[in-house]
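Comments concern the structure below.
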Amino acid sequence: MPKKKRVGAKPWVDPDDAPELTAEHFARADVYVGETLVRRGRGRPRSPAAKRQVTIRLEPELLERLRATGPGWQTRISEAVREWLAKRAA
């Protein structure tokens, strides 16, 4: 009777059969000058002024109304706080 294969089992691959690293492989690699990344692979570049996550407590009714305005509600909160700070500084 033949032996059943396990569901999801991957076939064994001999590590000695790994592909040879070619010039094309290295052409796609990240390039560093010292510790500075000159060119990166896939993905979005990091922003020099990246946003930071914080936690604030809001009244449930206020939070519901803000979320009801649709996508971008957190950005709109940020803009409202920025406007409030600008008025206060003047």
Side-chain angles (χ1 to χ4, degrees):
M1 178 174 216
K3 188 176 183 182
K4 286 187 176 180
K5 291 184 180 181
R6 293 187 303 156
V7 175
K10 295 181 180 178
W12 182 77
V13 177
D14 187 355
D16 292 334
D17 291 341
E20 183 177 337
L21 299 179
T22 63
E24 179 186 346
H25 170 79
F26 290 105
R28 294 180 304 171
D30 290 342
V31 177
Y32 286 86
V33 173
E35 292 187 17
T36 304
L37 178 62
V38 176
R39 189 188 70 186
R40 56 179 281 140
R42 298 183 337 205
R44 188 166 128 185
R46 291 185 181 260
S47 170
K51 294 180 180 180
R52 293 185 6 204
Q53 181 177 347
V54 297
T55 302
I56 62 171
R57 294 178 183 268
L58 300 173
E59 297 172 6
E61 301 83 26
L62 176 62
L63 184 59
E64 286 176 29
R65 289 183 62 189
L66 287 166
R67 287 183 172 164
T69 63
W73 64 272
Q74 292 171 320
T75 301
R76 288 189 289 279
I77 291 175
S78 182
E79 291 169 358
V81 170
R82 187 178 296 112
E83 287 175 17
W84 182 83
L85 288 171
K87 287 179 185 176
R88 195 162 161 105

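Heavy-atom basis, side chains included; hydrogens, waters and symmetry copies ignored. One-based numbering along the sequence shown.
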| request: Kindly indicate whether the side chain of L58, heavy atoms from C-beta on, has any atom under 4.5 Å from the side chain of I56. | output: yes
| note | dist R76:CZ -> L66:CG (nearest 0.5 Å) comes out at 8.5 Å
| task | Using modelled atom types only, decide if a donor and an acceptor are shared between the side chain of R67 and the backbone of Q74 within a distance under 3.5 Å. | result | no
| Does some side-chain heavy atom of W73 sit less than 4.5 Å from a side-chain heavy atom of L63? | yes
| Residue pairs involving residues 77-90 (criterion side-chain hydrogen bond (donor to acceptor under 3.5 Å, both in side chains); sequence neighbours excluded) | none
| field | Value rounded to 0.5 Å, distance of OG1 in T55 from CD in Q53 | value | 6.0 Å
